[in-house]
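Each remark here refers to the structure printed beneath this line.
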Amino acid sequence: MNDILPGEVETWQFLESEAHRIFQLYGFAEVRVPVVEKTELFCRSIGETTDIVEKEMYTFSDRSDNSLTLRPEGTAPVMRAFIEHKLHTLDPLSRLYYMGPMFRYERPQKGRYRQFHQIGVEAIGVDDPMMDAQILAMLDHYFEAVDIRNVELHINSLGCKQCRPRYRETLTGYLESRLRSLCADCQRRYLTNPLRVLDCKVPACQEATVDAPSVLDLLCDDCDTHFRQLQAHLHKLGIVFTINARMVRGLDYYTKTTFEMVTNQLGSQNAVAAGGRYDGLIQDLGGPALPGIGFAMGVERLVLMKGDQRIAPPRPQVFLAALGDAATDEAFALMTRLQRLGLRAEMAFAGKSLKAQMRRAGKLGARFVLILGDEELASGQAQLRDMDDGSQTPIALEGIGQALAARCLAGPATGSR
Ligand code: HAM
């Protein structure tokens, strides 16, 4: 679990504000749900035999002996809220997004943490593949907006309640014939969750399953048509993708389309965003029979991807350097006025030499420094130094707030350090 400190937090704020901006363009509204839910919600939705439910949840009893869990993901809580507030009665298409911390007791490494953050979206009510394409177009737009380019979109279809059992059976049969080559974990889960074997990172398991049957060969007509139409839409929108029939996802609620945005920049934690369709989930949780699709991005991974292109903290527009008690008092009042006018104004709070104040202004990257001493107070004129070109000009104290605001807001004063 990490602290996110100034210097890094600006990148977080940028990634979050771009999410608000882009998702709202596509008709999504923000939803905020609690970070704890009843444990049962996650068991029923994510699946009892998934790694998340079997070994990664932070689960505890409260004082009334309710079993509660810190949310390991956002889809289940958002569906719970959707059902509880009957959101489908307000609009046949609910488009929701969320951002915030999630908790999984995983082995921490680069890009994998126990408290991490997701920015996610869910669109409920439309089963047309056009909606799948719209979600992927929005994801693509987001990556472009935040200027993260080194990612590839992988898509797959996991079938539905009709055709998945057939695939599961075929795969189990195939795995049975190779059981001795599989790792201990896979020998155990080939019966409970055979699809996960395809996702196992152990090289022996990957080798033993290279020619495993493909889920795409066993889709029913409806799922097959859905997947083909999605591809046609993506082609038309110019969204590049790779079909990856071995992508199985670690949550059980998916049906039909699944996808991941992967990168080779983050070692084994290669998914920066992931999601898919979950057409039976809402009904399974006791709600109406409505289809849904969504994704979540891992914010820590996005921040890692930004690497050197991190967003710098904004520089002060004006630094007030004052000499003498009267001038310091005047500078303090003026600084507060400038802040009210919408300027990033700064001063050195402790009485320091002019040289020390100039050094501090330089360190903060201030655009202008306003120099104010007893002499300037008496003459009614301060000195304004332009820190970009080093020039210094007098500026009248009368009406200085407006004059400075005009100068700072007009020029390229909002640049980054
Ligand atoms: P997920 O694949 O479990 O899907 O997580 C989505 C993303 O969260 C991952 O691709 C990754 O970027 C990030 N992530 C997951 N675990 C960690 C971790 N321990 N540390 C850092 N980042 C992590 C879901 O959670 C689904 N709810 C997505 C979804 C929404 N499907 C439909 N709607």
Side-chain angles (χ1 to χ4, degrees), residues 1-2 4 12 15 19 23 28 31 33 37 41-42 45-47 50-53 55-58 69-82 94-124 131-132 135-136 138-139 142-143 146 148 151-156 158 196 199 247-263 265-282 285 291-306:
M1 300 189 186
N2 297 306
I4 303 153
W12 285 70
L15 293 167
F23 297 167
F28 285 73
V31 57
V33 291
E37 295 278 351
L41 172 70
F42 299 114
S45 54
I46 299 172
T50 56
D51 282 355
I52 297 180
V53 170
K55 46 191 187 200
E56 293 172 3
M57 295 205 303
Y58 281 89
T69 293
L70 292 181
R71 61 182 185 191
E73 60 107 51
T75 308
V78 170
M79 293 311 123
R80 197 260 319 129
F82 174 85
S94 293
R95 283 167 294 188
L96 305 167
Y97 72 90
Y98 50 90
M99 42 186 85
M102 309 289 159
F103 304 84
R104 296 184 194 175
Y105 191 82
E106 296 197 78
R107 200 164 45 78
Q109 54 177 259
K110 183 180 170 194
R112 189 166 74 192
Y113 311 100
R114 290 183 171 170
Q115 173 173 329
F116 61 100
H117 296 74
Q118 285 186 344
I119 298 179
V121 314
E122 314 292 348
I124 304 149
M131 183 51 78
D132 307 30
I135 291 282
L136 289 171
M138 185 169 84
L139 184 59
Y142 180 80
F143 275 89
V146 300
I148 293 179
V151 285
E152 256 183 46
L153 172 63
H154 286 192
I155 64 169
N156 193 19
L158 291 180
R196 291 301 296 174
D199 201 30
M247 190 180 72
V248 294
R249 310 284 299 117
L251 306 100
D252 281 354
Y253 49 62
Y254 290 113
T255 53
K256 294 187 177 161
T257 311
T258 54
F259 54 87
E260 286 185 353
M261 278 281 196
V262 296
T263 173
Q265 257 176 263
L266 300 177
S268 60
Q269 303 312 307
N270 66 347
V272 230
R277 195 163 260 295
Y278 44 84
D279 289 350
L281 177 61
I282 297 172
L285 292 176
I293 179 166
F295 64 76
M297 308 184 280
V299 185
E300 284 79 0
R301 294 185 191 179
L302 297 175
V303 171
L304 283 169
M305 294 283 296
K306 286 297 281 179

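Everything quoted here is computed from the prediction, not taken from an experiment. Remember, it's 1-based here, ligands and their atoms both numbered in the order they're listed.
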Number the atoms of ligand 1 from 1 as they appear, then name those within less than 4.0 Å of a heavy atom of A273, with their elements. 10 (O)

With backbone taken as N, CA, C and O and side chain as the heavy atoms from C-beta onward, which portion of R249 lies under 4.0 Å from ligand 1: side chain, backbone, both, or neither? side chain

If you count the atoms of ligand 1 from 1 in the order shown, which ones are under 4.0 Å from a heavy atom of E122? 30 (C), 32 (C), 33 (N)

Which ligand 1 atoms are under 4.0 Å away from a heavy-atom of T75? 26 (C), 27 (N), 29 (C), 30 (C), 31 (N), 32 (C), 33 (N)

Is the backbone N or O of V248 less than 3.5 Å from a side-chain atom of Y254, with the two atoms forming a donor-acceptor pair by type? no

Which distance, rounded to the nearest 0.5 Å, do you find between the CG of N2 and the CD of E300? 6.5 Å

Of A274, G298, G111, the one whose closest heavy atom lies nearest atom 28 (C) of ligand 1 is A274

Sub-4.0 Å atoms of ligand 1 with respect to non-hydrogen atoms of Y254: 26 (C), 28 (C), 29 (C), 31 (N), 32 (C)

With respect to atom 26 (C) of ligand 1, which of Y278, F259, Y105, Y253 exhibits the smallest heavy-atom separation? Y253

Would you kindly say whether Y278 and T75 are connected by a side-chain donor-acceptor distance under 3.5 Å? no

Nearest heavy atom to atom 9 (C) of ligand 1 wins, so pick from A123, G292, A271. A271

What distance separates L285 CG from R80 CZ, expressed to the nearest 0.5 Å? 10.5 Å

In terms of side-chain geometry, is the basic nitrogen of R249 or E260 positioned less than 4.0 Å from the acidic oxygen of its partner? yes

Run the numbers for me: atoms of ligand 1, each under 4.0 Å from some heavy atom of F295, listed by number. 29 (C), 30 (C), 32 (C), 33 (N)

At what distance, to the nearest 0.5 angstrom, does CE of M131 lie from CZ of R95? 6.0 Å

Checking a contact table here: which protein heavy atom is nearest atom 7 (C) of ligand 1, and how many Å away? A296 O, 3.6 Å

Separation between CE (M57) and CD (E73), nearest 0.5 Å, reads 10.5 Å

L251 and ligand 1 - part of the residue with a heavy-atom distance under 4.0 Å: side chain

Would you please say whether a donor-acceptor pair under 3.5 Å links the side chains of S268 and Q109? yes

Atom 14 (N) of ligand 1: the protein heavy-atom neighbour that sits closest, reported with distance to 0.1 Å: F116 CE1, 3.5 Å

If you measure every N or O of V272 against every N or O of ligand 1, does any of those distances drop under 3.5 Å? yes

Specify the protein heavy atom at minimum distance from atom 20 (N) of ligand 1: its residue, its atom name, and the distance to 0.1 Å. Y113 N, 3.0 Å

Identify which of R104, M297, R301 has a heavy atom lying nearest to atom 3 (O) of ligand 1. R104

Counting only N and O atoms by type, is there a donor-acceptor contact under 3.5 Å from the side chain of R301 to the main-chain atoms of A271? yes

protein heavy-atom neighbour closest to atom 32 (C) of ligand 1 works out as G294 O, 3.2 Å

Hey, could you give me the CE/CD distance between M261 and E152, rounded to the nearest 0.5 Å? 10.0 Å

Assert yes or no for the condition that the ring centre distance of F28 to Y97 is strictly below 6.0 Å. no

If you measure from atom 5 (O) of ligand 1 to every heavy atom of E73, E106, Q118, which option wins on shortest distance? Q118

